[in-house]
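First comes the structure, then the notes that go with it.
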Number of protein chains: 2
Amino acid sequence: MDVENLSKDLERVSTETMADIVELRLREFFKKKSFKPGDALPKEMELVAALGVSRNVVREALSRLRMLGMIETRKKRGMILARPDVLGTFERVLDPLIIDDHILQDLFELRLVLEMGLADLLFLRKTDKNIAELEKIALDETHDGEKRFRVKNEIAFHGKLYEITGNNTLKRFQVMLMPVFGYVTTLEKDKEYQTGKVNHLDLVNILKNGTKEDFKAGMYAHLKPHFDSLTKK
Amino acid sequence: MDVENLSKDLERVSTETMADIVELRLREFFKKKSFKPGDALPKEMELVAALGVSRNVVREALSRLRMLGMIETRKKRGMILARPDVLGTFERVLDPLIIDDHILQDLFELRLVLEMGLADLLFLRKTDKNIAELEKIALDETHDGEKRFRVKNEIAFHGKLYEITGNNTLKRFQVMLMPVFGYVTTLEKDKEYQTGKVNHLDLVNILKNGTKEDFKAGMYAHLKPHFDSLTKK
DNA sequence: CATTATTAATATGTACTACATAATAACTTT
DNA sequence: AAAGTTATTATGTAGTACATATTAATAATG
């Protein structure tokens, strides 16, 4: 018999556990009933009865959903559907020590892409106040002290850029990805840390007086050393 | 007494459950022991003995970690530390129906930022073959059939762009965010669906013969209707 | 002796019971 | 009617028991 096609004829035996299934069912249930954040959810025992599984299983599934921020359980009062913290769950697994090197590299590229694309939002939402604050950070770095300070300042500057976009999700994204960036920069520490031809103060000035296109070009020049370190894959 | 400062003097009573604590302990443990993906982890009963909690609690904590993709449990064989799927966990909560409108808007902006920033990677990794495939997609849309097809094609084109970057994480990111984009575009359906002054075919041609700067300008023109729909907040 | 069958040991998955404890509801007391 | 007391409810934790899949160990067979 043709072994190759065996998997076509033989349906794969489900390896899912009860908890997996219950988790899925609950997700569907929440969606179907179109619960809104804050709504009270059925009690454990009701779910047990409805689903026909042990309380253990239900609790395990609920625990996972809670982990994802989809539900909240106020002790002894019942559960409510929560507003899932999209980035929060992301954050929980984002440990540079555990993440695969390839993905680390990908995330680093993601950062570069993000920062290159910031310009439009930046020019849409910049204010004099914002720019002044950004300038203060840029000026601070002239101390040119120890390396650790420089890195910290680098993060502060770019962080401020995200902040100016007024997009909180974007800002949090940057904060989360920070350790990743830090890790990658330590990886490329062999070549002396360099900031490209355009420094932070230059960028501030462009933001003040220049155009979007100027800023994009400037940001590229600023990040160029990083881009250069990218392989063509 | 000063009620305002009460919370300073009175330490907040911990509301953490045993499972929360065990989860944390396990994370620390994995890190401390510097387990690598694939390494076998202690058995449940060993953890129960070491931690001094019931097996229920341990299982609940393990279940969460498994949900985050940090561990895998091959049935009856034991657990191993897995390579966490960074984006996978993200995906699980990314349901446009549940997500807060503000975050939805933020994510949509994130998309625009991403696509504006793609240019540099694109020009770094484009090949004739890639461009040909992209062109094929762009040509396909001239049918100008029903709206659903147009949307599908829109997604195909932009998806291909991500693909060309050679950054798989980026690509997956786009795939995940797709339903979000779709949701947002249906929100702004009142004004007739318009693609800006630069269409897909134009972009392909710029990618062929133009410069990075041309492409950035072109992409901005292409996405302009979306940008225009953004408020200043 | 090598190969196959059988059995035992192991470890996770599921079910069930029991009780602790916090929050709330119901009830009593004055 | 306000305050205090008790009962109820629902989640959190512990523990036992057993099912089942996988591997290891052992016995049986040619």
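Note on naming: letters A, B, ... go to the chains in the order of the sequence lines (proteins, then strands), and numbering restarts at 1 for each one.
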Check your understanding: Is the closest side-chain heavy-atom distance between Arg64(A) and Arg66(B) below 4.5 Å?
Key -> yes

Exercise for review: Quickly work out the Glu46(B) CD to dT10(C) C1' distance and round it to whole Å.
Suggested key: 11 Å

Review point. Is there a donor-acceptor pair closer than 3.5 Å between any side-chain N or O of Asp106(B) and the backbone N or O of Thr169(A)?
Key: yes

Practice item. Considering just the side-chain nitrogens and oxygens of Arg66(B), establish if one lies under 4.0 Å of OP1 or OP2 belonging to dG13(C). Key: yes

Study note, to complete from the structure: With the side chain defined as heavy atoms from C-beta on, Lys43(A) is closest, among dA11(C), dA10(D), dT13(D), to dA10(D)

**Study point:** d(CD1, Ile21(A); P, dG13(C)) in whole Å
**Key:** 13 Å

Using a cut-off of under 3.5 Å, enumerate the N/O to N/O pairs linking the protein to nucleotides 16-18 of chain C.
from    : atom 1 : to       : atom 2 : distance (Å)
dC16(C) : N4     : Asn56(A) : ND2    : 3.1

**Study point:** d(CG, Leu47(A); C1', dT14(C)) in whole Å
**Key:** 17 Å

Review point. Leu62(B) versus Thr73(B): any side-chain heavy-atom pair under 4.5 Å?
Key: no

Review point. What is the distance, rounded to the nearest whole Å, between atom CZ of Arg59(B) and atom P of dT16(D)?
Key: 17 Å

Exercise for review: Return yes if some donor-acceptor pair links the side-chain N/O of Lys171(A) with the main-chain N/O of Gly166(A) below 3.5 Å, else return no.
Suggested key: no

Exercise for review: Look at the aromatic rings of Phe35(B) and Phe30(B) and report parallel, tilted or perpendicular, splitting at 30° and 60°.
Suggested key: perpendicular

Check your understanding: Does Arg92(B) offer a backbone N or O that forms a donor-acceptor pair with the side chain of Arg27(A) under 3.5 Å?
Key -> yes

Exercise for review: Name all stems that contain residues of DNA chain C, defined as runs of 3 or more consecutive Watson-Crick or G-U wobble pairs, both distances under 3.5 Å.
Suggested key: C:1-30 with D:1-30

Check your understanding: Taking everything shown except Met18(B) itself, do over 12 heavy atoms lie less than 6.0 Å from its CE?
Key -> no

Review point. Would a 4.5 Å heavy-atom cut-off, applied to side chains only, mark Tyr162(A) and Arg172(A) as touching?
Key: no

Point to revise | Distance in angstrom units between Leu62(B) CG and dT12(C) C1', rounded | key: 11 Å

**Study point:** Contact under 4.0 Å: Thr73(B) side-chain N or O vs dG13(C) OP1/OP2
**Key:** yes

